[in-house]
Enquirer: 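Would you mind keeping the following structure in view while I ask a few things?
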Amino acid sequence: MIFNRETRDSAAAIPAPLLAWYDQNKREMAWRDAHNSYYTWVSEIMLQQTRVEAVRAYFDRFIAALPTLRDLAACDEETLLKLWEGLGYYNRARNLQKAAKLVVERHGGELPRDYEQLLALPGIGEYTAGAIASIAYGIPAPCVDGNVMRVLSRVTANCADITLPAVKRDYQALARELIPAGRAGDFNQALMELGALVCLPNGLPLCGGCPLAELCAAHRAGCELDYPVKPPKPERRIEEKTVCVLVCGELVYLQKRPEGGLLAGLWEFWNRPGHLSRDELCRELERDGLAVRSMHTLKKAKHIFTHIEWRMQGYLAYAEQPIPLPGGEWISLPQLREGHALPGALRAYSADLERWVQSP
DNA sequence: AAGACGGGGGG
DNA sequence: CCCCCAGTCTT
């Protein structure tokens with residue numbers, strides 16, 4: 001256990017000032033205080049690895065399209081992915097629907113009011129199970145995310161590596177001890193809200209407005225920036241790609257990515273590994289049986305994922321005929337906009353496509 | 001235990 | 001341009 005008795009005793013002073021601060025400073029969120037466990041669940045899945053401000057619009061649109069858990073369970077995957085388009089980590093959406101189907105089959109369409117049963121559902125790990133249990137049902141389960149570990153590591157000036165599973169367990173144990181009777185959901189959200197609004201990463205915590213400043217060991221020692229402790233990040237590999245926006249009249253060529261791996265199941269433009277010259281690209285397209293009427297070079301684009309960097313050379317080609325190519329389809333633009341989810345990585349080229357269609 | 005899996009914000 | 005953020009599932 002990384003927290004000794006003395007540290008845990010002084011941490012007991014956290015809840016009262018934290019809850020008082022939360023009651024005055026919590027942000028409005030459409031999914032808060034709605035007393036709807038489906039809203040809580042959808043929002044918590046969206047909030048994994050994602051900031052509140054980015055989630056708001058996605059949440060509103062998602063709930064408008066799929067107002068109940070049964071609607072989610074019944075919707076088709078294209079609709080689901082379109083609602084998730086641009087949010088990232090697309091397996092979150094797939095698992096959300098898998099779990100919704102299980103809840104309809106096994107739990108009569110209502111999320112179980114039980115931490116272990118929540119944890120057993122796809123896409124719900126320890127954090128999310130704790131969040132739903134405490135926020136939607138008032139169950140005194142801890143919910144420890146990166147915000148919580150940043151706040152608690154600073155308050156306790158703890159230098160254990162927060163990426164280690166054993167260390168996370170100790171933070172969960174500490175957080176569990178601190179939950180005040182009857183206010184589990186508020187306390188958990190208060191810890192995260194403080195991390196998001198005051199106890200900021202990037203080396204600029206706003207300790208002047210922090211309700212915990214006086215009892216924060218890191219602040220009193222003037223070393224807030226030393227916490228939390230994490231190992232150095234791994235290197236990123238670089239992949240060069242050639243992306244060709246293929247157009248024929250009102251049609252554009254799209255292919256569906258494989259069901260597993262990066263950007264699984266999303267749509268993309270014709271592409272090849274490596275940076276191809278105009279001539280190489282023309283030859284490659286002609287090898288697939290496609291006659292090219294004209295070819296335009298688009299700007300290079302870069303997209304950075306967590307562990308991969310795409311360096312893309314773009315082209316836009318007008319095809320003589322919408323010849324079927326292996327693995328893809330010719331789609332009309334309205335059809336693309338309504339029902340085909342493209343990854344954010346290709347945003348530069350889908351914007352080019354929209355521009356060229358308006359003024360070729 | 002380590003790697004895969006997106007996208008956004010700030011300096 | 002660089003940096004940072006960090007839940008869940010798979011292997």
Side-chain angles (χ1 to χ4, degrees), chain A residues 41-58 81 83-99 118-132 141-154 161-169 171-172 175 188 191-192 195-197 199-206 224-239 257-268 300-311 341-348 350:
Chain A
W41 176 37
V42 170
S43 68
E44 287 301 338
I45 299 298
M46 288 185 171
L47 286 163
Q48 291 169 6
Q49 320 286 310
T50 311
R51 287 175 163 76
V52 167
E53 295 311 319
V55 164
R56 294 185 190 279
Y58 280 94
L81 285 176
L83 289 165
W84 213 268
E85 179 182 35
L87 202 48
Y89 287 115
Y90 298 92
N91 275 332
R92 291 186 294 175
R94 270 182 257 278
N95 284 332
L96 190 65
Q97 188 179 37
K98 262 189 222 165
L118 289 167
L119 190 59
L121 293 168
I124 298 184
E126 290 179 329
Y127 161 77
T128 308
I132 297 171
C143 103
V144 171
D145 71 347
N147 289 307
V148 172
M149 285 196 283
R150 186 169 59 255
V151 171
L152 293 180
S153 68
R154 285 174 175 164
D161 175 355
I162 64 161
T163 67
L164 298 174
V167 170
K168 186 180 176 187
R169 273 194 286 283
Y171 276 93
Q172 288 168 333
N188 286 340
L191 228 30
M192 295 188 281
L197 297 180
C199 196
L200 302 175
N202 296 323
L204 34 89
L206 309 175
E224 302 90 339
L225 305 188
D226 293 345
Y227 308 95
V229 172
K230 280 171 292 185
K233 63 256 168 205
E235 76 298 346
R236 192 150 42 218
R237 77 169 181 273
I238 293 170
E239 290 183 7
R257 293 181 59 86
E259 291 306 325
L262 185 67
L263 304 171
L266 272 68
W267 295 83
E268 63 180 1
K300 283 191 163 68
K302 182 158 75 172
H303 188 84
I304 298 174
F305 302 96
T306 302
H307 56 294
I308 307 171
E309 175 175 331
W310 280 0
R311 293 184 182 170
L342 267 63
L346 297 175
R347 195 164 295 153
S350 48

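Letters go in sequence order (proteins before strands), and every chain restarts at 1.
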Enquirer: E268(A) CD to dG6(B) C1': how many Å, rounded?
Expert: 15 Å
Enquirer: Judged by each residue's nearest nucleotide on DNA chain B, which is more toward the 5′ side, E53(A) or G261(A)?
Expert: G261(A)
Enquirer: Can you tell me how far P of dC5(B) sits from CD1 of I308(A), to the nearest Å?
Expert: 6 Å
Enquirer: Can you measure from CZ (F305(A)) to CZ (R237(A)) and round to the nearest 0.5 angstrom?
Expert: 10.5 Å
Enquirer: Would you mind reading off the distance between R51(A) atom CZ and dG7(B) atom C1', rounded to a whole angstrom?
Expert: 10 Å
Enquirer: What contact category does I45(A) fall into here, base, sugar-phosphate, or nothing, at under 4.0 angstrom with non-hydrogen atoms?
Expert: nothing
Enquirer: Looking for any heavy atom pair under 4.0 Å, which part of the strands does Y89(A) touch: base, sugar-phosphate only, or nothing?
Expert: base
Enquirer: Would you mind telling me which residue lines up with the more 5' stretch of DNA chain B, R347(A) or H307(A), judged by nearest nucleotide?
Expert: H307(A)
Enquirer: Just to be sure I follow the notation: if a pair is Watson-Crick (purine N1 to pyrimidine N3 plus N6-O4 or O6-N4) or a G-U wobble (N1-O2 and O6-N3), each under 3.5 Å, what dot-bracket string does DNA chain B give, with | for pairs to another strand?
Expert: |||||.|||||
Enquirer: Between the side-chain atoms of Q49(A) and the base atoms of dG6(B), is any donor-acceptor pair under 3.5 Å?
Expert: no
Enquirer: With a 3.5 Å cut-off and just heavy-atom distances, do the side chain of T306(A) and the base of dG6(B) make a donor-acceptor pair?
Expert: yes
Enquirer: What distance, rounded to whole Å, do you find between the two P atoms, one in dG6(B) and one in dC3(C)?
Expert: 22 Å
Enquirer: Looking only at side-chain atoms of P343(A), point me to the closest of dA4(B), dG7(B), dC5(C).
Expert: dG7(B)
